[in-house]
Number of protein chains: 4
Amino acid sequence: MSPLSEEQFKQIRDKRIEQILSVGLKIFARKGYIGTKLSTIASEAGISKGLLYHYYKSKDEFLETLIHNAIHELENGIKEMYQSPGTPLEKLRSMIEFKEEDQLYFLLTHQVLLSDEVPDKLKRIAKEHFLSSQLFDQMVPLFKEGQELGEFAPGDPNKIVSSFFTVLSGLMALNLNNDEEFIQPDPNVLIRMLTGRP
Amino acid sequence: MSPLSEEQFKQIRDKRIEQILSVGLKIFARKGYIGTKLSTIASEAGISKGLLYHYYKSKDEFLETLIHNAIHELENGIKEMYQSPGTPLEKLRSMIEFKEEDQLYFLLTHQVLLSDEVPDKLKRIAKEHFLSSQLFDQMVPLFKEGQELGEFAPGDPNKIVSSFFTVLSGLMALNLNNDEEFIQPDPNVLIRMLTGRP
Amino acid sequence: MSPLSEEQFKQIRDKRIEQILSVGLKIFARKGYIGTKLSTIASEAGISKGLLYHYYKSKDEFLETLIHNAIHELENGIKEMYQSPGTPLEKLRSMIEFKEEDQLYFLLTHQVLLSDEVPDKLKRIAKEHFLSSQLFDQMVPLFKEGQELGEFAPGDPNKIVSSFFTVLSGLMALNLNNDEEFIQPDPNVLIRMLTGRP
Amino acid sequence: MSPLSEEQFKQIRDKRIEQILSVGLKIFARKGYIGTKLSTIASEAGISKGLLYHYYKSKDEFLETLIHNAIHELENGIKEMYQSPGTPLEKLRSMIEFKEEDQLYFLLTHQVLLSDEVPDKLKRIAKEHFLSSQLFDQMVPLFKEGQELGEFAPGDPNKIVSSFFTVLSGLMALNLNNDEEFIQPDPNVLIRMLTGRP
DNA sequence: GATGAATGAGATTTCATTCAT
DNA sequence: TATGAATGAAATCTCATTCAT
């Protein structure tokens with residue numbers, strides 16, 4: 001019966017924000033920047049538009065937060081991958097089996113970095129985050145190690161990482177779009193692309 | 001003095017339509033359905049919005065025409081590829097080196113089929129065109145042949161075609177987005193994916 | 001084989017103008033001022049928009065011509081009615097059996113005079129034509145005569161003419177709209193209204 | 001400080017909607033479907049276009065609501081008329097003296113059902129509402145009763161109701177259009193039409 | 001914090017009108 | 001005279017954002 005403590009308020013608030021961001025991620029990743037309406041996010045999250053604007057000054061600021069989180073989570077994902085036991089190939093396999101939220105983060109990042117419909121300002125911010133996160137560069141040693149072990153095919157590791165990201169993004173996009181009329185591609189193609197083995 | 005003949009009108013019209021469609025293709029393929037403003041197309045094509053509506057009843061009808069053309073052109077592209085000399089692998093290489101317009105057609109088709117921001121009606125139409133075009137099915141024999149010749153890695157040919165399209169689309173999207181800060185992926189990964197050879 | 005003479009040109013021209021006006025009348029009377037597109041008139045008349053604008057400077061000028069003709073034709077109709085044999089009641093009956101074109105003229109006039117969607121300028125012009133035509137005033141003596149003969153019910157003849165026009169217009173509008181689901185009203189109600197007899 | 005309660009929001013909304021519908025009714029009834037600009041409604045109601053679209057998805061949906069209300073109100077009007085004391089003739093007289101809002105509802109209904117400028121979809125909806133409302137059929141018994149009492153002239157009651165509606169609509173339209181230069185018709189003509197008496 | 005009413009800028013669409021040939 | 005290409009103003013509609021309570 002006693003009023004909620006400050007701490008409890010904070011918890012409620014944090015939980016709600018987490019909920020909003022989760023819904024936002026799902027929608028932005030699927031529908032793209034312009035296709036996403038804040039009103040949709042609000043109603044899917046079960047709150048009012050007003051409250052959304054109470055937490056975030058604008059659509060762009062909201063997306064910026066998502067981008068920030070996305071890159072942060074992907075960094076963590078890569079760290080975990082590194083720390084997991086196994087050969088480089090086994091480590092990479094685990095990325096393909098990302099849980100859904102991480103797939104969405106990955107898609108969001110890829111989309112913001114590449115899609116022409118995102119405002120330049122956000123693309124620039126995303127690029128800075130991305131570059132400073134060294135998300136890309138951190139992958140390179142893994143590939144080198146794999147090449148040294150003979151697990152991976154030879155070639156410029158930078159280009160291979162770039163290709164890996166591109167293909168991974170394509171696969172994840174198709175994964176979301178679960179249309180029965182289209183045949184789902186085989187994730188093993190990605191592995192084959194890396195290993196150069198049937 | 002004398003009025004324009006029907007033939008002359010047709011020429012003017014055909015030229016304009018070609019011009020508008022070419023601009024539209026470029027913009028739709030890059031910016032997606034919602035990201036594409038008809039005013040942008042009009043001004044890029046150096047005409048008024050009104051004229052666009054003189055030729056096409058709506059944004060959707062315009063995109064429908066583009067989709068139709070896209071699938072038609074891609075069908076032709078595949079036919080040409082089949083008729084070109086060389087092994088299946090050599091034939092497929094030529095698809096990777098599509099000229100820019102064909103790349104745009106490819107991207108447009110992939111995007112319309114898969115992106116959530118395209119109106120359902122158009123997606124349905126695109127799907128029908130795509131399925132009836134047998135764009136997909138026509139590729140399968142080529143892969144089978146390649147597998148028999150030992151050029152390609154084994155595996156369900158349907159899944160391989162699907163993967164091939166996905167990856168090709170990803171590569172083409174990156175190709176357009178010629179951002180110097182990002183390393184361009186290596187088109188050979190696609191070949192490696194197919195052949196299972198380094 | 002010899003070129004058409006000036007006279008023949010004039011005939012072609014006149015015939016075409018008559019055709020255009022006839023189509024325009026039909027459409028304006030049915031669809032109203034804003035509902036009528038010049039492009040519709042042109043295509044229904046089998047000519048180009050350009051030619052329509054060659055004959056008439058604007059939509060309003062075109063309608064003005066129609067109004068002018070309408071009132072002229074209605075004047076003639078009333079004259080004919082006067083000159084036809086029979087009692088005042090029998091004369092009025094003939095108005096109810098107007099041929100279709102006259103019904104359209106009647107509707108057009110009524111609509112332009114009363115509908116709010118017609119530009120003020122045109123309404124003013126129509127009103128002037130209408131008042132100077134004495135279309136209204138010419139009817140009054142007929143009603144007076146009918147009242148004297150005991151054929152018509154008593155009452156202010158001006159108000160009766162006004163009612164007569166209103167009801168006639170309503171009947172004609174329903175006449176055009178030949179919708180099977182609605183019961184067509186009985187033209188005899190109009191007569192009964194005038195005569196005060198069952 | 002404290003947020004508005006659901007109840008308060010409902011009040012604001014209801015008030016606004018009532019206001020918008022009232023303005024809309026006035027304008028649609030006078031100017032017809034195409035003649036009515038949403039910007040006019042908005043500015044007459046003292047609100048922004050945006051707010052109109054906040055409450056109604058489209059011009060058509062807005063008109064649909066009006067039609068729905070119109071038929072509902074007219075049904076009530078007819079019920080009241082039935083329950084009012086007096087002979088059938090006296091009851092009908094009360095319809096002629098409808099208050100302004102009901103006149104507008106009557107005109108709106110008549111117009112939507114008959115005018116060619118209203119989109120077919122809306123006409124169909126209006127027709128369904130109208131037929132299922134039995135607005136028409138409910139009048140018939142009254143006329144029969146009047147005929148039995150000798151108050152009304154003989155004739156097919158269906159056709160008489162139809163005529164009654166037509167003439168009533170014409171009278172109401174003229175009533176709105178309060179143009180001093182035109183003589184207003186006499187509502188008694190309508191009564192005379194029914195009774196067949198001077 | 002929380003709501004949804006309200007706005008306004010900008011996108012899509014329509015159509016009377018002009019114009020080159 | 002005759003065409004339909006082309007324009008631009010104005011209408012419908014969408015949605016990010018603000019605001020009173």
Side-chain angles (χ1 to χ4, degrees), chain A residues 9 12-13 16 34 36-43 47-62, chain B residues 1-6 8-13 15-17 34-42 46-62, chain C residues 9 12-13 16 34 36-43 47-62, chain D residues 1-6 8-13 15-17 34-42 46-62:
Chain A
F9 269 127
I12 292 175
R13 184 197 140 100
R16 200 189 314 256
I34 313 189
T36 298
K37 303 179 213 168
L38 286 201
S39 56
T40 310
I41 294 178
S43 73
I47 63 165
S48 68
K49 275 178 297 173
L51 189 53
L52 198 50
Y53 274 90
H54 182 70
Y55 291 130
Y56 300 97
K57 268 213 304 287
S58 69
K59 184 177 183 175
D60 286 9
E61 197 192 282
F62 183 63
Chain B
M1 273 301 140
S2 65
L4 291 173
S5 71
E6 214 169 291
Q8 284 171 308
F9 276 128
K10 194 178 172 335
Q11 277 176 19
I12 293 175
R13 206 168 51 241
K15 207 175 143 190
R16 265 281 182 261
I17 286 186
I34 314 187
T36 298
K37 318 287 168 213
L38 290 195
S39 54
T40 309
I41 295 179
I47 60 168
S48 67
K49 278 174 293 171
L51 189 56
L52 244 167
Y53 278 90
H54 179 65
Y55 289 119
Y56 298 97
K57 272 213 298 288
S58 68
K59 185 177 180 176
D60 286 10
E61 197 192 280
F62 182 59
Chain C
F9 270 127
I12 291 175
R13 185 195 140 100
R16 199 188 317 255
I34 313 189
T36 298
K37 304 177 213 171
L38 286 202
S39 56
T40 309
I41 295 178
S43 72
I47 62 166
S48 68
K49 276 177 296 173
L51 189 53
L52 198 51
Y53 274 90
H54 182 71
Y55 290 130
Y56 300 97
K57 268 213 303 288
S58 69
K59 183 177 184 177
D60 287 9
E61 197 192 283
F62 182 64
Chain D
M1 272 300 142
S2 66
L4 290 174
S5 71
E6 216 168 290
Q8 284 171 307
F9 275 127
K10 192 178 173 335
Q11 278 178 18
I12 294 175
R13 205 167 53 240
K15 207 175 144 190
R16 265 283 184 260
I17 285 186
I34 315 188
T36 297
K37 317 288 168 211
L38 291 195
S39 55
T40 311
I41 295 179
I47 60 167
S48 66
K49 279 174 294 171
L51 189 56
L52 246 167
Y53 279 91
H54 179 65
Y55 290 119
Y56 298 97
K57 272 211 298 287
S58 68
K59 184 177 181 176
D60 286 10
E61 197 193 280
F62 183 59

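Lettering of chains follows the sequences in order, A, B, ..., and the numbering in each one begins at 1.
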Any R16(C) side-chain nitrogen or oxygen under 4.0 Å from OP1 or OP2 of dA2(F): yes
5' precedence on DNA chain E between I47(D) and R13(A) (nearest-nucleotide basis): R13(A)
Counterpart residues, side-chain hydrogen bond (donor to acceptor under 3.5 Å, both in side chains), relative to Q11(B) (two or more places apart): none
Sugar-phosphate, base or nothing in reach of L51(C), heavy atoms under 4.0 Å: base
Sugar-phosphate, base or nothing in reach of T40(C), heavy atoms under 4.0 Å: nothing
Dot-bracket encoding per residue of DNA chain E, Watson-Crick/G-U cut-off under 3.5 Å, | denoting interstrand: .||||||||||||||||||||
Partners meeting side-chain contact (heavy atoms from CB on, under 4.5 Å) with K57(A) (sequence neighbours left out): E61(A)
Touch class at under 4.0 angstrom, heavy-atom based, for S43(C) against every strand present: nothing
Touch class at under 4.0 angstrom, heavy-atom based, for S5(B) against every strand present: nothing
5' precedence on DNA chain E between K10(D) and S39(C) (nearest-nucleotide basis): K10(D)
Touch class at under 4.0 angstrom, heavy-atom based, for I12(B) against every strand present: sugar-phosphate
Sugar-phosphate only, base, or nothing, as touched by F62(A) at under 4.0 Å among non-hydrogen atoms: nothing
